[in-house]
Amino acid sequence: MQDYDSSWGDHGMTMKTVFKRTNGLTDTPTHYCPGCTHGVIHRLVGEVLEEMDILEDTIGVASVGCSVLSYEYFNCDMTQAAHGRAPAVATGVKRVLPDRFVFTYQGDGDLASIGISEVIHAAARGEKITVIFVNNAIYGMTGGQMAPTTLIGQKTATTPFGRDESIQGLPIKVCEMLATLDGTAYIERVSAHDVPHIQKAKRAIRKAFEAQKNRLGFSLVEILSTCPTNWGLDPFESLEWVKDNMIPAYPLGVYKNIEGGK
Amino acid sequence: MQDYDSSWGDHGMTMKTVFKRTNGLTDTPTHYCPGCTHGVIHRLVGEVLEEMDILEDTIGVASVGCSVLSYEYFNCDMTQAAHGRAPAVATGVKRVLPDRFVFTYQGDGDLASIGISEVIHAAARGEKITVIFVNNAIYGMTGGQMAPTTLIGQKTATTPFGRDESIQGLPIKVCEMLATLDGTAYIERVSAHDVPHIQKAKRAIRKAFEAQKNRLGFSLVEILSTCPTNWGLDPFESLEWVKDNMIPAYPLGVYKNIEGGK
Amino acid sequence: MEKRVVFNESICKSCGLCVQVCPTNVIFLADYLNGKGYRPAAVTDQDNCISCAKCAQICPDTVISVYRPVKVLQTV
Amino acid sequence: MEKRVVFNESICKSCGLCVQVCPTNVIFLADYLNGKGYRPAAVTDQDNCISCAKCAQICPDTVISVYRPVKVLQTV
Amino acid sequence: MGKVLMKGNEVIAEAAVQAGCKYFFGYPITPQSELVAYMARRLPEVGGLFLQAESEIAAINMVYGAAGTGVRVMTSSSSPGFSLKQEGISYLVGAELPAVVVNVVRGGPGLGNIQPAQSDYFQVTKGGGHGDYNIPVLAPASLQEIVELTSEAFDIADRYRTPVILMGDGMLGQMMEPVEFGDLTQAELPEKNWATTGTRGDGAPKIITSLELNAEALEQRNHKLQQKFARIKENEVRYETYKIDDADYIMAAFGTVARITINAINKARQKGVKVGLIRPISLWPFPEKPFIETRDRVQGYISIEMSAGQMVEDVRLIVNGHAPVDFFGRTGGVVPTQEEIYCKIMTVAGGITV
Amino acid sequence: MGKVLMKGNEVIAEAAVQAGCKYFFGYPITPQSELVAYMARRLPEVGGLFLQAESEIAAINMVYGAAGTGVRVMTSSSSPGFSLKQEGISYLVGAELPAVVVNVVRGGPGLGNIQPAQSDYFQVTKGGGHGDYNIPVLAPASLQEIVELTSEAFDIADRYRTPVILMGDGMLGQMMEPVEFGDLTQAELPEKNWATTGTRGDGAPKIITSLELNAEALEQRNHKLQQKFARIKENEVRYETYKIDDADYIMAAFGTVARITINAINKARQKGVKVGLIRPISLWPFPEKPFIETRDRVQGYISIEMSAGQMVEDVRLIVNGHAPVDFFGRTGGVVPTQEEIYCKIMTVAGGITV
Amino acid sequence: MLEEILIAGFGGQGVMSMGQLIAYAGMLEGKGVSWLPSYGPEQRGGTANCAVVVSDDPVGSPLVTNPSTAIVLNNPSFEKFEHRVRPGGLLIINSSLVTKVSERSDIEIIEITATDIAADLGNARVANMILLGAFIERTKVVTSDSIIESLKKVLSKEKYHLIEVNKQAINKGASLVDLSGIRQS
Amino acid sequence: MLEEILIAGFGGQGVMSMGQLIAYAGMLEGKGVSWLPSYGPEQRGGTANCAVVVSDDPVGSPLVTNPSTAIVLNNPSFEKFEHRVRPGGLLIINSSLVTKVSERSDIEIIEITATDIAADLGNARVANMILLGAFIERTKVVTSDSIIESLKKVLSKEKYHLIEVNKQAINKGASLVDLSGIRQS
Ligand SMILES: Cc1ncc(C[n+]2csc(CCOP(=O)(O)OP(=O)(O)O)c2C)c(N)n1
Ligand SMILES: Cc1ncc(C[n+]2csc(CCOP(=O)(O)OP(=O)(O)O)c2C)c(N)n1
Ligand code: SF4
Ligand code: SF4
Ligand code: SF4
Ligand code: SF4
Ligand code: SF4
Ligand code: SF4
Ligand SMILES: [Mg+2]
Ligand SMILES: [Mg+2]
């Protein structure tokens, strides 16, 4: 389709905006390390909320992790939850305000380690909330300790010799596990390691919020993300590491999508 | 094979023992309500420990529930864990004593509600312990409140109008969920509602302890059990209720069995 | 002759499950109370017990022991 | 003519991801530091920018805005 | 609505409902399970919501979420479950969210038992959680008093944006007494313009948090909190005295123990021994006035508790050496009888060894 | 082994290893994460086991399980994570299991921040958990002292079958100082014949539990516990004094704050103001002797804390009105400077308003 | 008037409801009342008991250690409470189940074969009501009318048909008081 | 001798290791030392700092509010600490990055374009060592030999090759002290 410019100009050319910062985020610059894809994921969530025009009807729940300050970045009402308890806090909010949109933004330590109980029970109850689950295979904020999602062999502050299956066991695949629960409506795992996948990730987030809008049940999007600082890689190497190591361990795809009927 | 009697008798007949109380249990009478199948499950565990001749090498972990006093009934070293934390306590024991047998005995409230995190992480770590999971679809000890395993429509003290999917969500199927974890070695769901199933349950418990013996990983046996007192049924009706209502909701069978290789 | 099925009356809780599963219906609940205030299960008609041990298998309180008469090879 | 790609220098963290993804390699890191002590990304060769917005998509800090020149239908 | 015979646990629940509490998140534990069960039946009737949480931790965090939306919300538990709520309670204080948390105390430590106790006094009054904070704690002695204090608990919570603890014991929770639910006079309360309910119609995004990475800024917050605590100490002290005017010795006891003590006091007075009672109703703020007014007059105090001696520390702090402070307590779920309290009184005050 | 320069958190870990602690179950939290990381590297070297638990709750319960087998075991956390351990700690006390629990305190309440604080004093000394109990709490002021107190913590734990808390703050955990690990003299300790390790070879089954449904029986247990606490009060009080003999005013401060206070004291003495310091090393049992010995002699005390005023209550309890007790504190992670402590001293003791 | 009552027996013998009925009746008569149950696992199978206080003034302590009246429905309860009855107090015994005999001469004792009599009435479960009837007849703490009134309040509609047999049981119990059953001392 | 040093700059400029080297060297010389870092999120990207105390006696407070010497490597650090240096104290500035100029006349100030000089030495990352060299040359708190010694202790074997360039940087820094760079007051 041809581009029509709304403005009346007498020159032959004018500039059309291809990409500009979403109003779904505040103007506060983030504290994230250079190249950390937390920032990308923030932008995607902000864009979805803006495009669905639900910013004013949304209450977000920040968790404890590098994203704890996300309450300063998302341009909607926010509340900050204790480590791992965001889904319980979100439940409290949503049960009082069933017609509002409620989402949590949680890291893999927060959600898969200390908080696995809260997310499982929220999912089993079919809480109509959306969980943005940022899996970077490590505890970022506390300085790079093992997460339940840390890969076998991966060196972290608490697995200095690499994660050893015989001691620390095997990584927990959250999407696969939650998909077994009947209360879940939409579950997808995506990645933020390159532009095409980033766009795919945004569509997944959109679908999750749509599921909430249609009161289908619990929705979660797991986004494979980077932690250059604690991985000891530069930002670009980190994206490569996601592609080469994380995706094979955490297959991307839709794990649950009940759309309408179950 | 023909029966030889060890004793020298001059009469033509003598009595051979077909069934006698296992030494796997102490002589202390249980506090369980009349007809409660906790007692049956105790006996099965005691018999397996005795038959495997590992009573002296076993440390059992009692949980918080009607079975809290099981530490007085099992004829081996026992420790009592906080509500839901038995798998963590068992982990502490097993990691110090890797060559001993460690089992937990937990109800559905203890394991599936407050304790879901501990059992999932123990399973994910592949802790070489055996979990005896007694699912009676209710909180027995505290007077019959809803458990995560309570059936849809089931009336309990906290679901006086029957469990409603739209409010309390759907039951959690523990075996199905845990089977998705790579650390698990043996997972089976059985029932204690009649003699054939009771014998089957015993074989399952045996297999679970064998898995621990062979260091294959985490093993769990879920046993569908009764709570006549809080179901408001007599003991026999309760057995029927397990058959007619619980088994359809919780299909019996082996959900994981890696025997040797995975 | 000796008993085929023996009940440890004092710890019986009168749940009646053994009564239900007994294929020969020889088990009944006594008309008196034990120390715990329960009417204990009992068998008088020992001869009609077939020593199948179903009762013992279902008993939640390990009240029951079961025996079977067997021939003894004459020795000496 | 106006810029196709605009960088909000002050919040750039010099992660270099935009540099990596730019298909026309017009982005580079400046040789000075911004207020945060980072060398901000920049484009001088605006003409060779194709307004694909890859840089903006990958930028974790929403530093970048992208525009495309379009013909205007003559009105009046 | 005339007098009804109810269990203490049920009275707490009904009183909360009448105080406008429409949301309850809880987890069963003896001896308070009747409260949870009552809410499950009752809240749907008033268009409210009862949700059984998967744990005490989930419950207190659901309360955190609901409180953030500005509604009145309650959770309840007993000793071990209450311990699990400590982090969540500290968060409620830090984020300044109003809520009512009930602790029907049982015997401890550890799993202990389910019999009545008061041995969580320190936990509720000194801050069982981390950081500098205090929480108003109300301790009713009768079922009728539960009715009043429960609604006051919600008012205090809303007035000061703070969690409030309602502390009872297994006996109070399990016993039945006639109670009457008068219609409440709605208190003057500040508008909850801080609640996160979505920004539609009310401007800029709001944030509920207890995080403040900058030390100076966090200290400022703590100053604000401490000033709030000072205001509460100023305005929310509650206590009752019994026959202290002519008393040579004064007992200190709260909750059910105070009632048993009164029986013992009357028995002692029949023997001519002049004793009275100070019954703290607010355990924090602790009633200092009646002690200060009497400490230079009386011959001594006896703190009587279902614990190994906890409130007695607060009594000593305020008596501050002006008079001897003695203690009598039973633990592990044993309820002191009026006979033994009488004996204690007679030994200390009557100079008699019974 | 000569002097080495290490971080406080690492010193705690190494000292534990040298004290024979081969098992550590913990969960990361700033500002104590270095301790966890150090154990992860170090324990395999000594044939021990480090396991990162899924949560603080799992960690304390793993400790419960391991302690029950009779080995020396440790866990550590910081304020919010420590709050989550309260139920588990109460269970350890109830079941009488020895273990060492570290709390590297940070600013609160709630999520607060990660800067140094002492505002968990009440939580660790008054029983943050449910039921009647006390736990020995040791508060080192220097990295060298960490070495001594860590091994003593394990000895006390084993001697009395009790959890012991090692309390530091973010500053102590993060700072580096030279330390020397002398070889320990193994203390005389009772045999752990109560451990559950399987009955093979040692007779009847053993049981580890904190449950006692019968109230009278639970009270008996509590009596036993209280007697144990009395023995600990008798034998395990630790403190240090600095220039109190001729002091007109005495400061009370523990941990790092005590060091800063000493600088301030010396500054004040240069101005001719006679002040000294009592530094409680065991926060429970609280050192009463030095206060009793001085309370009728000095003109007053000042409790100096990184809190809104917690230890000051214990000082008041023991001074018991014999002398005024003043307080100075900073909160939220702000560390008091020697300058401001000096000013406080001069205003109170020097009669000067600086 | 200050009546402190202890009622004890096996769980399922209806000792709790006996106590509640007395308390409820007392409330209807405008008296101060309290009801305090024993609770916890021991209820299951084991013995349960409750303490009821009825008084002209508001109730002080709901705790009863030395009852003015004890009603015991089984041997364990007899053993536990017989000696606790205060001198001059009243002990009511369901002698159908209690085989022990009291040696005390300082209290009044009423023995009733309640379970058997209840069986004769065609409903063994109303044994407790027979004892209750005897109790109020002897002590006049509350009237049987108030008890019946309370019964209506406590019972759910579906159970109203039971009121009649309960009424009979109460009257039966009352009628027994000044008869043989009693060992006056 | 009691030297209280504050070192501040961007994370990654090596301010923490500068402090550790001074503390380590002090320890080797048998002095009392302590090292206290700022910690927490602000490290990331933002500015980090550490306080080092070197003393003839055991160290009292490890906390430094008014340093005898402050070494600042960027503008934010300059703004934060310049005014905190105690009168008569020393302020060392990496003037390659610090554009601000101090107005204070009551302290000694050493300005060194450390980043540029480091670049000349072929390794921009040793700017901190140049400043360190200047500091010890000027204050003699510890000897450069002890610093080199410590360097060996701190660096892992793989990094030993870096010792040489660090040594150069330290000497270079030392050599600059009594030259132009200084604004004596
Ligand atoms: C109760 C409690 N335990 C531990 C911590 C410390 N802590 C803060 S963030 C975090 C883990 C963060 O990792 P993750 O959730 O993966 O988020 P990321 O930083 O990687 O994005 C931990 C353990 C805490 N703040 N509270
Ligand atoms: C921390 C804590 N929360 C709650 C309780 C109360 N409680 C005791 S047992 C129990 C549930 C028991 O149910 P289940 O595990 O299913 O065992 P069952 O009695 O049915 O066999 C609860 C909630 C407790 N003791 N501790
Ligand atoms: S630590 Fe890791 S996860 Fe956290 S902001 Fe930095 S890069 Fe991102
Ligand atoms: S309450 Fe239920 S589960 Fe518990 S013992 Fe009785 S019947 Fe069994
Ligand atoms: S053994 Fe078989 S036949 Fe004999 S009593 Fe038991 S069930 Fe009946
Ligand atoms: S099954 Fe056991 S307990 Fe039940 S009646 Fe029979 S013998 Fe008694
Ligand atoms: S828009 Fe495309 S071409 Fe232009 S700078 Fe960005 S990435 Fe390069
Ligand atoms: S991607 Fe963004 S932050 Fe990174 S260098 Fe480019 S503009 Fe700067
Ligand atoms: Mg992470
Ligand atoms: Mg159950």
Side-chain angles (χ1 to χ4, degrees), chain B residues 31 61-71 78-86 89 107-120 138-150 154-172 174 230, chain E residues 7 9-10 13 22-45 47-62 75-86 88 104 106-114 170 173-174:
Chain B
H31 67 290
V61 182
S63 64
V64 177
C66 281
S67 60
V68 64
L69 287 172
S70 61
Y71 57 68
M78 294 289 297
T79 170
Q80 197 286 324
H83 191 32
R85 319 306 177 192
V89 171
D108 47 347
D110 189 82
L111 181 142
S113 192
I114 194 172
I116 198 73
S117 176
E118 284 72 19
V119 75
I120 282 177
I138 205 158
Y139 286 11
M141 184 183 224
T142 40
Q145 297 83 4
M146 180 188 77
T149 46
T150 292
Q154 186 181 341
K155 285 198 167 70
T156 71
T158 47
T159 55
F161 316 108
R163 180 173 184 165
D164 176 346
E165 165 179 357
S166 71
I167 298 170
Q168 291 95 12
L170 290 141
I172 293 180
V174 171
N230 291 301
Chain E
K7 272 196 163 196
N9 285 329
E10 297 174 337
K22 282 214 175 78
Y23 299 90
F24 183 94
F25 303 89
Y27 190 75
I29 182 168
T30 313
Q32 62 87 54
S33 295
E34 295 83 1
L35 199 172
V36 180
Y38 189 94
M39 285 298 201
R41 276 197 318 279
R42 185 75 167 94
L43 282 176
E45 294 176 5
L49 172 96
F50 163 84
L51 190 64
Q52 181 175 324
E54 62 267 30
S55 69
E56 290 84 357
I57 290 179
I60 193 71
N61 285 286
M62 290 174 182
T75 185
S76 73
S77 190
S78 179
S79 307
F82 197 82
S83 289
L84 286 169
K85 294 181 188 287
Q86 292 309 321
V104 181
R106 57 189 248 179
L111 189 47
N113 64 20
I114 59 180
Q174 295 295 322

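Quantities reported herein were computed from a predicted structural model and do not represent experimental measurements. Letters go in sequence order (proteins before strands), and every chain restarts at 1.
The shortest side-chain heavy-atom distance between B:Thr142 and E:Val36 does not fall under the 4.5 Å cut-off.
Neither the backbone nor the side chain of E:Pro31 comes within contact range of chain B, judged by heavy atoms closer than 4.5 Å.
Qualifying salt bridge (charged side-chain N to carboxylate O under 4.0 Å, His left out) partners for E:Lys7, counting only residues two or more places apart in sequence or in other chains: E:Glu34. Residues satisfying the salt bridge (charged side-chain N to carboxylate O under 4.0 Å, His left out) test with E:Arg106, not counting sequence neighbours, are none.
Between chain B and the options E:Ala58, E:Gly81, E:Ser55, the largest number of non-hydrogen pairs under 4.5 Å is found for E:Ser55. When E:Ser33, E:Pro28, E:Ala37 are compared by the number of non-hydrogen pairs under 4.5 Å with chain B, E:Pro28 comes out ahead.
Between atom NE2 of residue B:His83 and atom CD1 of residue E:Ile29 there is a gap of 8.0 Å, rounded to the nearest 0.5 Å.
Between E:Ala40 and B:Ala157, the closest heavy-atom pair is CB-O, 4.1 Å. Closest non-hydrogen pair, E:Glu54 versus B:Ser113, comes out as O-OG, 2.9 Å. Closest heavy-atom contact between E:Gln52 and B:Gln145: OE1-CB, 4.0 Å. Between E:Tyr27 and B:Gly109 the shortest heavy-atom distance is OH-O, 3.8 Å.
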